[in-house]
Amino acid sequence: MQVAHIKPSSRPRTRRPRARYVHAPVRRPAARPVEPRVEAVDRARRAGGPDDRALYVCHCGVAFEADVSASVACPGCGDHQAW
């Protein structure tokens with residue numbers, strides 16, 4: 001294996017000065033006096049309030065919508081649904 005000798009250039013090497021960056025202060029947006037809980041309540045009221053009905057499927061094959069409750073009876077067979 002032969003190694004080639006690289007002749008140094010005739011010009012002297014000079015280092016360029018590093019660029020200096022001036023950092024601007026970080027500007028943060030002003031805090032908004034917003035209460036997310038109040039916005040969520042207002043949004044729910046505009047939507048008509050919570051939905052208190054659920055879709056139930058009985059073992060007899062009947063699917064029905066009824067008010068959410070711990071004791072819902074199937075309109076087809078009368079069997080109570082587990083919640």
Side-chain angles (χ1 to χ4, degrees):
M1 180 167 142
Q2 290 185 352
V3 178
H5 179 68
I6 300 173
K7 187 176 177 181
S9 68
S10 59
R11 294 187 320 180
R13 269 183 125 171
T14 58
R15 291 182 72 174
R16 284 196 270 171
R18 238 181 182 178
R20 298 183 189 250
Y21 297 102
V22 178
H23 296 286
V26 177
R27 295 178 189 239
R28 298 177 192 259
R32 294 185 317 169
V34 176
E35 296 180 31
R37 186 180 61 82
V38 173
E39 287 181 1
V41 170
D42 289 340
R43 190 179 321 116
R45 286 183 181 152
R46 285 191 307 267
D51 189 16
D52 291 337
R53 296 183 61 79
L55 179 67
Y56 294 93
V57 179
C58 184
H59 70 280
C60 70
V62 175
F64 60 97
E65 193 172 291
D67 290 335
V68 174
S69 175
S71 58
V72 177
C74 172
C77 66
D79 194 18
H80 288 285
Q81 304 297 308
W83 55 283

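Atom set for the values below is all heavy atoms of this structure, side chains included, hydrogens, waters and symmetry mates excluded. Residue numbers start at 1 and run along the sequence shown.
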TODO: Sort and list the pairs that fulfil salt bridge (charged side-chain N to carboxylate O under 4.0 Å, His left out) and have at least one residue in residues 57-72, not counting sequence neighbours.
DONE: Arg53-Glu65, Arg53-Asp67
TODO: Identify, with sequence neighbours excluded, every residue that meets salt bridge (charged side-chain N to carboxylate O under 4.0 Å, His left out) alongside Arg46.
DONE: none
Task: His59 NE2 to Cys74 SG distance, which is reported to the nearest 0.5 Å - done: 8.0 Å
Task: Set of residues satisfying side chain to side chain contact (heavy atoms under 4.5 Å, CB included) with respect to Ala66, sequence neighbours excluded - done: Tyr56, Phe64, Val72
Open item on the list: As an exercise, state the distance from SG of Cys58 to NE2 of His80, rounded to the nearest 0.5 Å.
Closed with: 11.0 Å
